[in-house]
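Input: a single structure, listed below in structure tokens.
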Amino acid sequence: MLRNSPPGDADIGTLEGRATNLRRHMLTMARGQGAGYIGQGLGIADTLAALYFHELRYDPSDVTWAERDRFLLSTGHYSIALWAALAEAGILPVNELSTYGADDSRLEMSTLDTTPGVELIGGSLGHGLGQAVGQALGLRLQKSVARVFVELSDGEMQEGSTWEAAMSASHFKLDGLVALVDCNGIQADGPVVLDMEPVADKWRAFGWDVSEIDGNDMNAIVGALMLARSQNGKPTAIILRTLPGKGVARIEASEKAHFFRVDVKEWDGIIADFEQSVGAKQ
Amino acid sequence: MSAPARTLAMGQDEAVAGGRPSVEAPFGRALAKLGQTRPDIVGLTADLGKYTDIHPFRDAFPDRFFNVGMAEQNLVAVAAGLARTGLVPFATTYGVFATRRAFDFVAIACAHSNLNVKIIAGLPGLTTGYGGTHQAIEDLALMRMIPGLTIIDPCDATEIEAATAAIADHQGPVYMRLLRGGVPVVLDPSYTFEIGKAVTLRDGKDVGIVSTGLMTERALDAADILAKRGVAVAVLHVPTIKPFDVEAVASFCAGVDHVLTAENHVVVGGLGSLVVETLFDSGVGKKVTRVGLPDRYIECGSVPTLQARYGITTEAIVAKIGALQ
């Protein structure tokens, strides 16, 4: 059955509940191997909840449906968030999540496209936007109304290929293309090592419509996605200011946020704290 | 004293035909023809449309042609995205850029997912006098290491036209070397091209030349010259570098007294290496003499001068075989 088609009114509370479920799934996954890129995953959880339960048109029972909207996760190491979203969407079984990162699991630490629902091999950073441009061009050429959403990160903007792709998207007037730029302020070597500011001005200068929002505010995300539906001949970049580890206090506070590893006992404590904070909000 | 040969300007014929009739832009003509019956074929280039012979397709199907500017990583990424929507992109640039510059995109964005992307690479080997920046002397070696990538090095206009149609029908990523401009006709009209198949063009017992790309024309010319001297030279043309026709190469080499390889490429990592590996693996104990480019960067200059200086001419093949006797 088609989801989000036609797009309904956003129920912010319900979407926030979905985001909480995604965070819960991610904690389950990280506990399995004791580690993972959970800081990034928790930070992008709200955006993925908004996409999969409000904005993207897709059929969970047919992930190859030609008219589906595409979501490309360029930062393959955010896979933990994608697996959570695909499980919550009914594309992957929830009981498979605990295999994240284990040998022979389909839920790799960095995405391969052999897992259902994955639209590209992410992880070699700088690949996603160009492939999204190609998909948007191809869909338009075939007169499809499907749109292409691509997530990329602040660190990833240091790859020159990102800007090659950004130039071509506006040149080809791809208004069916939306880039979700996760600015969480961290990269492999720590806090962003090469200043990327002013991020929004860079995208504007490359010919994109730009929204710059709190990427952990569901109202703001839904609003920016609504603006991006405008067919004005320009691609849209949504600059998401996110907090790594969002929603899980001990991960928010961690300095190990690029790759987070603790022992199982500590995970149990983290999960208990998370459930307590979720319960307190309700 | 005659004036020294000059470096050719961009876009001038560089295939250096050996007096045979030629066809203008066989790749672009073949692609434009295919485009009439194949609406799924799209063309791309990175600011080298005129110089990679794709202009006939661009002129015939402007809505299905995309010029991404000087951005070869994006060229291949966009091609991968187009392929994901069911289209069959032909992306052209020079071999140096398709390989050295865009390697990660060919490997990960295309080959890893077995996407239907066709990369057409101009200026293969030593076919330009613009120096190391433009001479794709090691492209076959680089691309050979990519799993699942089909690699074609056609020898003439007839083969380019046939191979263009064949790779359009083939499901999967392809890297094809391009001969551009006025490309000689070497093969008979009856020639049939099949991906992965080597073809014996000439029989002979004394020496067997295994050749690919434009060196096949020179191998045939060398065989003619040597026949007049009483040396019987066989020629096995190997247009597909990957998948390599191991059986045909092993059996051809087993049937001749001496083996010589001829390629428009460095002698490491390309055809010569493949033949040596094949003979070793197959237990065919033959010494192999390799004709090809040296393992070094090559200066600027005129193409005939450089090809003679670095030993990929008919005369170089004749001399090497002469030294064997």
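Below, chains carry the letters A, B, ... as their sequence lines are ordered, and counting in each starts from 1.
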Please classify the contact of A/Leu137 with chain B as side chain, backbone, both or neither, using a heavy-atom distance under 4.5 Å.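 A/Leu137 touches chain B through backbone and side-chain heavy atoms alike.
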Can you tell me which portion of A/Leu129 sits under 4.5 Å from chain B's heavy atoms? Options are side chain, backbone, both or neither.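 For A/Leu129, neither part sits under 4.5 Å from chain B.
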Between the side chains of A/Glu55 and A/Arg229, is the shortest nitrogen-to-carboxylate-oxygen separation below 4.0 Å, so that they form an ion pair?
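Salt bridge flag = yes for A/Glu55 with A/Arg229.
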Pair count under 4.5 Å, heavy atoms only, with chain B: among A/Glu164, A/Gln135, A/Glu119, A/Gln142, highest is A/Glu164
(Q) Under a 4.5 Å cutoff for heavy-atom pairs, which residue among A/Gly123, A/Gly138, A/Gly134 has the most contacts with chain B? (A)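 Most heavy-atom pairs under 4.5 Å with chain B: A/Gly134.
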Scored by heavy-atom pairs under 4.5 Å with chain A, the best of B/Gly81, B/Pro89, B/Ala83 is B/Gly81
Heaviest contributor of heavy-atom pairs below 4.5 Å to chain A, chosen from B/Gly69, B/Gly86, B/Ala109, B/Ala80, is B/Ala109
Geometric class of the B/Phe61/B/Phe57 ring pair [parallel <30°, tilted 30-60°, perpendicular >60°]:
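Tilted: the ring planes of B/Phe57 and B/Phe61 meet at 30° to 60°.
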Does either side chain, that of [X] or that of [Y], offer a donor lying less than 3.5 Å from an acceptor on the other one?
{"X": "A/His127", "Y": "B/Asp104", "answer": "yes"}
{"X": "A/Asp182", "Y": "A/Thr242", "answer": "yes"}
{"X": "A/Thr111", "Y": "A/Ser79", "answer": "no"}

Turns out that what part of B/Val42 lies under 4.5 Å from chain A's heavy atoms comes down to side chain
Margin query: Looking at A/Trp208 and A/Lys234, would you say the former's side chain and the latter's main chain have a donor-acceptor pair under 3.5 Å?
Written below: no
